[in-house]
Number of protein chains: 2
Amino acid sequence: MQEVIQLRKGVPASANQASILDKLRKLVLSGEYPPGAPLPELFLADQFEVSRTPVREALKQLENEGLVEIRPKVGTFVRIPTRREIVELFQLKESLEGLAASLLARRGTVPELDILKRNIEESERAERRADAATYAELVHEFHWTIVKGSDNSKLAEHYGRLMNQLAYHRIVLETVERPARMRASIREHQSVVDALMEKDPVGAELAMRGHVSASSLAAARGADTGNAAGEKTQA
Amino acid sequence: MQEVIQLRKGVPASANQASILDKLRKLVLSGEYPPGAPLPELFLADQFEVSRTPVREALKQLENEGLVEIRPKVGTFVRIPTRREIVELFQLKESLEGLAASLLARRGTVPELDILKRNIEESERAERRADAATYAELVHEFHWTIVKGSDNSKLAEHYGRLMNQLAYHRIVLETVERPARMRASIREHQSVVDALMEKDPVGAELAMRGHVSASSLAAARGADTGNAAGEKTQA
DNA sequence: CGTAGGTTTGATGCATGCAAGAAGTCATTC
DNA sequence: GAATGACTTCTTGCATGCATCAAACCTACG
């Protein structure tokens with residue numbers, strides 16, 4: 001992963017600008033460039049073997065996504081998220097996922113149901129063998145399946161933006177999710193699926209919101225003990 | 001309105017790039033450039049008396065906001081929204097405003113309550129003298145007061161993006177809001193405020209969602225009879 | 001008359017040069 | 001020694017030129 005492909009000079013190393021944006025986003029989200037780190041255009045341009053222009057456009061986009069901060073005439077820096085923002089984002093997450101579950105329930109019998117059921121089964125297996133990595137991946141898929149299944153592209157769009165901003169804290173969150181929350185979390189997933197099977201929009205929304213809320217609280221507790229990701233990386 | 005200010009050559013007509021973005025956004029939202037209209041960089045650069053670069057960056061941002069569509073190597077066009085998107089956006093609106101009302105109620109006694117009460121009084125006066133323009137403005141303020149009052153900047157951010165996309169349809173929506181909805185809408189606003197006064201998050205959320213939902217349905221009915229804004233402006 | 005192919009046009013994508021501004025540095029002065 | 005001031009440096013902001021590509025057009029041929 002992250003393999004740098006070297007092409008002969010003269011040929012643009014990246015297929016297009018979208019590619020640069022993706023790479024940059026990954027580098028930020030993965031923590032390669034930690035919060036507070038400077039992102040000089042010229043440096044990045046050299047890295048990607050392009051000129052400043054496409055890098056500049058990518059940075060603008062990342063600023064728009066809330067991942068970096070552009071201080072005019074000074075420079076671009078990886079954004080340092082505050083605790084407050086995390087809380088705000090979780091509140092939004094709860095609302096959006098609740099809506100997604102509700103919409104999915106209203107759609108009635110859908111193929112997503114089988115996917116979700118299988119997801120729970122796999123999650124249980126991952127939990128039994130204490131496979132935290134797989135488990136985290138499954139949780140991720142579970143939530144995205146519901147959001148995508150809501151059949152509301154605008155919702156998915158906003159949700160994606162939100163999750164990108166929360167991704168900063170993945171390290172904190174996933175570790176927190178592990179110990180005691182796993183079993184409870186699976187039960188909550190199950191109750192969401194139950195409501196979906198009954199085609200009960202209100203029940204599905206409530207179950208989903210309860211689940212997200214519980215996860216958020218656990219994450220918040222974790223963020224209080226373990227320091228939030230990259231607090232104060234710059235002077 | 002829309003007066004083009006001519007400045008002497010050499011002095012940038014716009015203070016900075018943010019200014020260009022705002023102007024462009026206004027031009028698109030106001031319908032100056034209708035859905036489907038092309039937005040060539042060079043043309044706009046001449047309009048604003050700047051080079052293509054800042055225009056280009058503004059267009060990128062507008063694409064990100066969902067207002068324009070950039071077709072690579074072809075051109076930029078004002079986005080043509082679909083009916084489906086409108087429905088999706090209203091679903092999101094309901095959810096976000098419900099969350100906002102809930103959060104505001106949780107804050108307890110807040111100065112926003114007085115603002116909302118005054119807003120309802122003014123709305124009633126506007127309704128009595130059939131002042132649709134003022135009424136529409138008041139409705140707008142009412143909803144934004146609640147969103148801002150929720151004290152969740154991320155929520156406000158997402159809500160703003162959403163409302164920008166819905167603003168295309170302001171013509172349709174506001175005209176629809178007028179006839180029979182006005183009185184009902186005011187009653188619904190009142191019930192939201194009632195729940196807020198009782199510091200009842202659940203009640204406030206339900207009242208808000210009911211209100212948004214009712215408005216949306218009315219708007220959807222209107223959009224079915226009156227054609228959606230700017231359907232098929234291009235070939 | 002319709003279609004296929006080449007050409008022209010017009011727009012964007014990117015590279016690069018230059019100017020302007022912000023922050024830190026260093027020397028000077030009180 | 002501390003504060004003030006100019007200066008140096010690093011960065012972005014914008015303008016512009018060239019290459020590239022998509023689409024329309026026009027021509028030639030079946």
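Order of the sequence lines sets the chain letters (A, B, ...), proteins ahead of strands, with each chain counted from 1. Note: hydrogens, waters and symmetry copies are ignored here, and every other heavy atom, side chains too, is used. Please read all numbers here as calculations on a predicted model, not as lab measurements.
Relative ring orientation between A:His211 and A:His143 is described as tilted, the plane-to-plane angle lying within the 30° to 60° band. Between A:His158 and B:His158, the two ring planes are tilted [angle within 30° to 60°].
At a cut-off of 3.5 Å, with distance as the only test, a side-chain donor of A:Glu88 or B:Ser153 sits close to an acceptor on the other residue. With no hydrogens or angles considered, no side-chain donor-acceptor pair links B:Lys23 and B:Gln47 at under 3.5 Å.
Regarding A:Glu41, its CD atom lies at a distance of 13 Å from the P atom of C:dA15, rounded to whole Å. Distance, B:Phe43 CZ to C:dT9 P: 22 Å, rounded to whole Å. Rounded to an integer number of Å, the gap from CZ of B:Arg71 to C1' of C:dT12 is 13 Å. Distance, A:Glu49 CD to C:dC14 P: 15 Å, rounded to whole Å. We find that CD of A:Gln17 is positioned 14 Å from C1' of C:dA15, with the value rounded to whole Å. The nearest whole Å value for the distance from the CD atom in B:Glu69 to the C1' atom in C:dT12 is 15 Å. As a whole-Å value, the separation of A:Phe48 CZ from C:dC14 C1' is 16 Å. The distance from atom CD1 of B:Ile70 to atom P of D:dC21 is 19 Å, rounded to the nearest whole Å.
Between A:Glu57 and A:Lys60 there is no salt bridge, since none of the side-chain N atoms of the basic residue sits less than 4.0 Å from a carboxylate O of the acidic one. The pair B:Asp151-B:Arg106 does not meet the salt-bridge criterion, since no charged nitrogen lies less than 4.0 angstrom from a carboxylate oxygen.
Residue order along DNA chain C, read from the 5' end via each residue's closest nucleotide, puts B:Thr76 first among B:Thr76 and A:Pro72.
A pairwise comparison of heavy atoms in B:Pro54 and B:Ile20 identifies CB-CD1, 3.8 Å as the closest pair.
In the set D:dT20, C:dC14, D:dA15, D:dT20 carries the atom at the smallest distance from any side-chain atom of B:Lys73. For B:Pro40, taking side-chain heavy atoms from C-beta onward, the closest of the listed nucleotides D:dC14, D:dT11, C:dA11 is C:dA11.
Within residues 52-64 of chain B, the residues approaching DNA chain C are B:Arg52, B:Arg56, by heavy-atom distance under 4.0 Å.
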